[in-house]
Q: 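Here it is, the structure, as structure tokens.
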2 protein chains.
Amino acid sequence: MNALSELHPARVAIGLNAVLAVVERERPKVLCVRSENGLWRLPYGPFDPERHRTFEIGLREWVEKQTKVSLGYVEQLYTFGDKGRDAPLAALAGGAAGDRIVSVGYLALAPEPAAVDAADAAWRDWYEFFPWEDWRDGEPPCLGDAILPALARWAGGARARDAAAARRDRIRLAFGLDGAGWEEERALDRYELMYEAGLVAEAARDRNLQPARALAGTGADMASDHRRILATAIGRLRGKLKYRPIIFELTPPEFTLLTLQRIVEAIVGFELHKQNFRRSAEQSGLVIRTRRTAQQTGGRPAALFRANRLALKDRAGKGLTIPRLRLAPAFSLGRT
Amino acid sequence: MNALSELHPARVAIGLNAVLAVVERERPKVLCVRSENGLWRLPYGPFDPERHRTFEIGLREWVEKQTKVSLGYVEQLYTFGDKGRDAPLAALAGGAAGDRIVSVGYLALAPEPAAVDAADAAWRDWYEFFPWEDWRDGEPPCLGDAILPALARWAGGARARDAAAARRDRIRLAFGLDGAGWEEERALDRYELMYEAGLVAEAARDRNLQPARALAGTGADMASDHRRILATAIGRLRGKLKYRPIIFELTPPEFTLLTLQRIVEAIVGFELHKQNFRRSAEQSGLVIRTRRTAQQTGGRPAALFRANRLALKDRAGKGLTIPRLRLAPAFSLGRT
DNA sequence: TTAATAATACTCCGGCGGAGCATATATGGG
DNA sequence: CCCATATATGCTCCGCCGGAGTATTATTAA
């Protein structure tokens, strides 16, 4: 079982993808670039093993060069190597067809959107690509109107009865139906189900259906598998909020508790219980009250807070609590 | 900012590393292979982009071929691409010096150790490589005797005063000193600190110190950066236990609650409060009481349980609670 | 029969988080 | 100046979870 002797020198190209996220005026945004076929894509750079000692160094370098933003928080997300995702990428990259491109996805956070000087780059609200993930104004209409019915049809269309039941189970879990409860961090599960069911434009595109048609209400598609990478980032960020004080990578130096709450809400995609959020935020020790107040609140002035840098290190094991407001309504797929 | 045009066809080889973990008689074990220089290494296989549609398919295929184990639970851990880690690997692989090898690490779990038929493969207790991570019999002697004093010296040896304070801070957090509390999932932080401080053999080896000497009590070293990969796996598994019912990937079909507790303890590296563990395990709905009992307990017979497959899917969002027994003793590095 | 060893059953209690009510301090309009 | 409106902020009530410990029950070995 000496595997090393079997290690033959098959080579692949490695690309680095950054999901650079900010929250601006209650909107979560990611840095996007207009790709040659008109779709948005994530900033993408090659990894040059000659020049970069580590992936992260390489990533920081080309992001800084391209966007003049120096990255603060950076975390590796996942490495994507599936076949199928590479064909369009390899073509764009000028490689031979069939060249395999592996992407290492990274999540980067910044407190405010940097000005981008390139004409084809822009900050886009991420719910543009995932409208069903934003419950801040109640249940997104596209869910009940289009997505869930289509998923139910897909489940029913399975060959075997077991398979249909298994599909229904997955849908129920991912979308929190039948009282299972919406888990915001399952963004990737939801996207992958929709992809598998052929609801999103990428699915039609990857299966060479012409023209690539998607169900209305399933959001804008992105180049290659970038929407999958973005879903991974959203899920990771949402999950991590609960156990790491990562939210303060997205806050300005000073903020009111309501501002902080709005930033959290933008990320998790639903509204929080205000008083309980304040209580746990103050008790967490993660924020420090300054003596100043914000006056333009439209009501009583709000105390300004700043992140407690010490606690951010010490209590690295804790995050803010997410006091949910309303229970997810109990959808059903019919038979279960 | 069109990055695609900059995507040049630099190629690297991709390897897949598996941390295949089991718990056998209260010992957590990983599948290891004896490498050519006598050190243990993780099973390692090349990723062949021609043959494998996804990484995971490739991983499963060669692990099954090499070990006759068909992998159940598999999860991607991290992708390691740092320079420095590749030189020895590339040499072993017969590649040219300077060839870059990127490793995608995977964590795989199985309920019992499969018989391995290769002479150079074996299941090794992972605390052989991380003796400081096992607190089940109280504080590991190597910590206070060797590791913490050496780390304190390293911190004190920093050039600037700030740097020394920063080092002490990192040590305090990673090892839970001064009442910060031992966080078992920080296994990677601890290993990386020890590597940076030059305490582990790999550090001396990578810095070309001859002979590579390590502090006594810092565990057995592994080939290449495999101990780092293993530390990543341990930390990930320990963290995930708390919020996913992943422990049941490691249990036999039926088990007593004490057996389950011992498996958890083997992973997290400390003892749990027995009564509270039972209470939360039963209440979690993750286990189902069978009618049978285990008689050979040495005392009153114990009820046998099995995993509740339904709940494992439904309550995928929950894990077992880890009721800690004793508080970590309050070490100190002296000045803080 | 007794000691040893576990398994199992309860109790007590503090804190966290869900839910809601009450009060304080702004602004803008009559 | 007074009032409606909009927030910010303070406080209460309560159930559940999890930390800690005590008591009782069912085996096996001496």
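Lettering of chains follows the sequences in order, A, B, ..., and the numbering in each one begins at 1.
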Q: With a 3.5 Å cut-off and just heavy-atom distances, do the side chain of B:Q275 and the base of C:dT11 make a donor-acceptor pair?
A: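 Check fails, no donor-acceptor contact within cut-off.
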Q: Taking only residues two or more places apart in sequence, or in another chain, which ones meet B:R306 in a salt bridge (charged side-chain N to carboxylate O under 4.0 Å, His left out)?
A: none
Q: What residues form a salt bridge (charged side-chain N to carboxylate O under 4.0 Å, His left out) with A:E184, not counting sequence neighbours?
A: A:K242, A:R324
Q: Which residues pass the salt bridge (charged side-chain N to carboxylate O under 4.0 Å, His left out) test with B:E75, not counting sequence neighbours?
A: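 So B:E75 forms a salt bridge (charged side-chain N to carboxylate O under 4.0 Å, His left out) with B:R236, B:K240.
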Q: Would you kindly give the CD-to-P distance between B:E282 and C:dA7, to the nearest whole Å?
A: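 Going from CD in B:E282 over to P in C:dA7 covers 13 Å.
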Q: Can you name the side-chain contact (heavy atoms from CB on, under 4.5 Å) partners of B:T293, sequence neighbours left out?
A: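 Counting only residues at least two positions away or on another chain, B:T293 forms a side-chain contact (heavy atoms from CB on, under 4.5 Å) with B:Q295, B:P301.
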Q: For nucleotides 13-18 of chain D, tabulate all protein N/O to nucleotide N/O atom pairs closer than 3.5 Å, reporting atom names and distance.
A:
residue	atom	partner	partner atom	Å
D:dG18	N7	B:R279	NH2	3.3

Q: Nearest whole Å is fine: how far is C:dA9 C1' from B:H273 NE2?
A: 13 Å
Q: CZ of A:F255 versus C1' of D:dT7: gap in Å, rounded?
A: 18 Å
Q: Per the atom types in the model, does the base of D:dT25 pair as donor or acceptor with the side chain of B:R300 at under 3.5 Å?
A: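 Flag set: donor-acceptor pair detected.
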Q: Could you run down the sub-3.5 Å N/O contacts of the protein with nucleotides 28-30 of chain D?
A:
none

Q: Rounded off to whole Å, could you give me the NZ-to-C1' distance for the A:K274 and C:dG17 pair?
A: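 Going from A:K274 (NZ) to C:dG17 (C1'), I get 19 Å.
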Q: Starting at atom CZ of B:F277, determine the distance to atom P of D:dG21, rounded to an integer number of angstrom.
A: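 For the pair B:F277 CZ and D:dG21 P, the rounded distance is 19 Å.
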